[in-house]
Amino acid sequence: MTRLLLGVTLERICKAVVLLCLVHFVIIMILYFDVYAQRLDFFNRFNIRNTSRAHPYYNFSRPNGTVHSYTAVTSAGDSFTPSAKLELNLTLTEKPLLPCPDAPPGLVGRLLIEFSSLMSMERVQRENPDVTEGGRYVPPDCQPKEKVAIIIPFRHREHHLKYWLHYLHPILRRQKVAYGIYIINQFGEDTFNRAKLLNIGFLEAMKEADYDCFIFSDVDLIPMDDRNLYHCYEQPRHFAIAMDKFAFRLPYAGYFGGVSGLSKAQFLKINGFPNEYWGWGGEDDDIYNRITHNGMKISRPDIHVGRYRMIKHERDKHNEPNPQRFTKIQNTKMTMKKDGINSLHYRVIHSAKYPMYTNITVDIGKPPPRPARG
């Protein structure tokens, strides 16, 4: 009896041990597979991160964490390989630039303008590393509202040009202007024709870019305030309203000389500028007449903002006052339809892009013989 009870007890103990071992085995297996699954998940995530570094623009948000091959199709039916799709995704995810402000925050106001320090083109280039070949610049941090071509009639003024570029490039960059600078150089030594060179500058600039605004500036005039914003307005703009040579006053109500600006539409509406003003004087008054005869008005900055300093110089040779200018000014209404951008003839001799400007040398022909006095 005692042996029977002992055997039953041992049997129960053995079953309990076996059951305990079985439970232990099950628990071990559960823990083992759980750890294995965690480790597998870890390595999968590790591989995904490595792959994402190699392909930063793929989408890894799918539950299985795998990279799928695909072909994208545009609305036009064009198919893209994955690499082309990546470029498309990159373009779509770029945030558009905000419009450039009407009053840029980097303006400083009144400027100290002096011409006594030594100036070189190398210095100008060092001071303006963001300006690209041909004297082009686009603000990197905002979307400009228009493209501006700055046209300078030119001959034998290299010294003045260095100072002009030295001051104007920083001013224009602070104003957030997208611009290009065009020096229209008259070939030869015949009588100078400022307005015809400006017409040529308009056409030549339009060959390079779809400019919206054109600013016509003498090379010897430097603005004294960067709040005098170089862009176009609802009406033709006269910028240089208060020059030092005129004691910082407007010489007369119809004065439109020095620095002026017209939009493309305004310029074409007046048929550009006259081509028949050879020598000094008269063309700016003719331009003023063209503007008023076409129902437009002149806009100007505040007289304290529109101040300019002129680089002093002697009167250029072959740019003597035009004795016919007063007669021509009186006939603007009759001549402006046939004398202008629609009657322009010239020949480009040489065109070159320099780091700070584009130079275009042109043959504009010879002036007609002047009638004998008396």
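In what follows, residues are counted from 1 in the order of the sequence shown.
- Judged purely by atom type and a 3.5 angstrom limit, Gln235 uses its side chain to pair as donor or acceptor with the backbone of Lys297.
- Across all their heavy atoms, Thr358 and Gly134 have their closest contact at OG1-O, 2.9 Å.
- Val108 approaches Arg174 most closely through the heavy-atom pair CG2-NH2, 4.1 Å.
- With hydrogens and angles ignored, the 3.5 Å screen pairs a side-chain donor or acceptor of Gln186 with a backbone N or O of Asn193.
- Closest non-hydrogen pair, Val148 versus Tyr230, comes out as CG2-O, 4.0 Å.
- Partner of Tyr167 under the side-chain contact (heavy atoms from CB on, under 4.5 Å) criterion, chosen from Met119, Met224, Arg309, Glu114: Glu114.
- Remark: aromatic rings of Tyr357 and His169 are distant, center separation not under 6.0 Å.
- Under the 4.5 Å side-chain criterion, counting only non-hydrogen atoms from C-beta, Ile181 is in contact with Leu165.
- For the pair Arg157 and Ile311, the minimum side-chain heavy-atom distance is 4.5 Å or more.
- Note: His159 and Tyr163 have perpendicular aromatic rings, judged against thresholds of 30 and 60 degrees for the angle between ring planes.
- Among all heavy-atom pairs drawn from His156 and Glu189, the shortest one is NE2-OE2, 2.8 Å.
- When all heavy atoms are compared, the tightest approach of Tyr255 to Phe246 is OH-CE1, 3.9 Å.
- What you find for Leu197 and Ile151 is that their closest heavy atoms are O-CG2, 4.5 Å.
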Working for side-chain contact (heavy atoms from CB on, under 4.5 Å), residues Ile222 and Leu111: CA-CA 10 Å; Ile222 311 297; Leu111 305 172; over 6 Å; no
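- Panel note: side chain Arg123, backbone His166; no donor-acceptor pair is recorded below 3.5 Å.
- Note that CD1 of Ile298 is 3.5 Å distant from CD1 of Ile291, once rounded to the nearest 0.5 Å.
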Intermediate values then yes/no, side-chain contact (heavy atoms from CB on, under 4.5 Å), Asn271 and Lys337: CA-CA 7 Å; Asn271 192 26; Lys337 298 296 183 181; 5.6 Å; no
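- With rounding to the nearest 0.5 angstrom, the CD1 atom of Ile152 is 11.0 Å from the CZ atom of Arg194.
- A donor-acceptor pair under 3.5 Å is formed between the side chain of Lys196 and the backbone N or O of Ile364.
- Using a 4.5 Å heavy-atom threshold, the side chains of Cys232 and Asp212 count as separate.
- Taking the charged nitrogens against the carboxylate oxygens, Lys328 and Asp286 have no contact shorter than 4.0 Å, which rules out a salt bridge.
- Side-chain rings of Tyr288 and His238 stay apart, their centers remaining 6.0 Å or farther from each other.
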Audit row: Phe273, Glu283, side-chain contact (heavy atoms from CB on, under 4.5 Å) steps and yes/no: CA-CA 8 Å; Phe273 300 157; Glu283 80 286 345; over 6 Å; no
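- Once rounded to the nearest 0.5 Å, the distance linking CG of Asp220 with CG of Asp218 reads 5.5 Å.
- Checked for salt-bridge contact, Asp302 and Arg227 miss the test: no charged N lies under 4.0 Å from a carboxylate O.
- Here the side chain of Ser343 pairs a donor or acceptor atom with the backbone of Lys338 at under 3.5 angstrom.
- For the residue pair Tyr308 / Asn228, a side-chain donor-acceptor distance below 3.5 Å is found, with atom types taken as modelled.
- For the atom pair CG (Asp285) and CZ (Arg290), the distance works out to 12.5 Å, reported to the nearest 0.5 Å.
- Side-chain N or O atoms of Asn294 include none that pairs as donor or acceptor with a backbone N or O of Ile270 at under 3.5 Å.
- Between Asp210 and Lys264 there is a salt bridge, since at least one side-chain N of the basic residue sits less than 4.0 Å from a carboxylate O of the acidic one.
- Contact of the Arg307 side chain with the Asp225 side chain is not registered, since no non-hydrogen atoms from C-beta on lie closer than 4.5 Å.
- Proximity of a side-chain donor or acceptor of Asp226 to a complementary backbone N or O of Gly109 within less than 3.5 Å is detected.
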Pair Ser351-Ile360, side-chain contact (heavy atoms from CB on, under 4.5 Å): steps then yes or no: CA-CA 4 Å; Ser351 180; Ile360 303 174; 3.8 Å; yes
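- No side-chain donor-acceptor contact under 3.5 Å links Gln125 to the backbone of Ser120.
- Under a hydrophobic-cluster definition in which Ile, Leu, Val, Met, Phe, Trp and Tyr are linked whenever side-chain heavy atoms come within less than 4.5 Å, directly or via other members, Leu221 and Val124 are assigned to the same cluster.
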Intermediate values then yes/no, side-chain hydrogen bond (donor to acceptor under 3.5 Å, both in side chains), Tyr277 and Asp339: CA-CA 10 Å; Tyr277 282 81; Asp339 175 23; over 6 Å; no
Tyr346 and Asn199: CA distance, side-chain angles, deciding distance, side-chain hydrogen bond (donor to acceptor under 3.5 Å, both in side chains) verdict: CA-CA 10 Å; Tyr346 67 97; Asn199 279 340; over 6 Å; no
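- Under the 4.5 Å side-chain heavy-atom criterion for grouping Ile, Leu, Val, Met, Phe, Trp and Tyr, Leu262 is connected to Leu268 within one hydrophobic cluster.
- Separating the CZ atom in Arg347 from the CZ atom in Phe187 is a distance of 7.5 Å, to the nearest 0.5 Å.
- Side chain of Arg249 to main chain of Ile303: no donor-acceptor pair is present (N/O by atom type, distance under 3.5 Å, no hydrogens or angles).
- Two residues are said to be in side-chain contact when any heavy atoms from C-beta on lie closer than 4.5 Å; Gln175 and Leu107 meet this criterion.
- The environment of His293 atom NE2 is dense: over 12 non-hydrogen atoms of other residues, nucleotides or ligands sit within 6.0 angstrom.
- Grouping the Ile, Leu, Val, Met, Phe, Trp and Tyr side chains by contacts below 4.5 angstrom, directly or via other members, places Met296 with Leu198.
- Linking Ile, Leu, Val, Met, Phe, Trp and Tyr whenever their side-chain heavy atoms come within less than 4.5 Å puts Ile171 and Ile150 in one cluster.
- In this structure, CD1 on Ile184 lies 6.5 Å from CD on Glu204, to the nearest 0.5 angstrom.
- The aromatic rings of Phe202 and Phe267 sit parallel to each other, their planes meeting at less than 30°, with 60° as the upper class boundary.
- You'll find the side chain of Ser217 stays beyond 4.5 Å of the side chain of Phe239, heavy atoms only.
- A heavy-atom distance below 4.5 Å is not found between the side chains of Tyr179 and Ile215.
- At a threshold of 4.5 Å between non-hydrogen side-chain atoms, the residues Val177 and Tyr137 do not count as touching.
- The aromatic rings of Phe214 and Phe216 sit parallel, their planes meeting at an angle under 30°, below the 60° perpendicular limit.
- Under the 3.5 Å distance criterion, the side-chain polar atoms of Asp363 are left unmatched by any main-chain donor or acceptor of Ile349.
- A salt bridge links Asp102 to Lys145: at least one charged side-chain nitrogen sits closer than 4.0 Å to a carboxylate oxygen.
- If you check the side chains of Thr361 and Asn359, you find a donor sitting under 3.5 Å from an acceptor.
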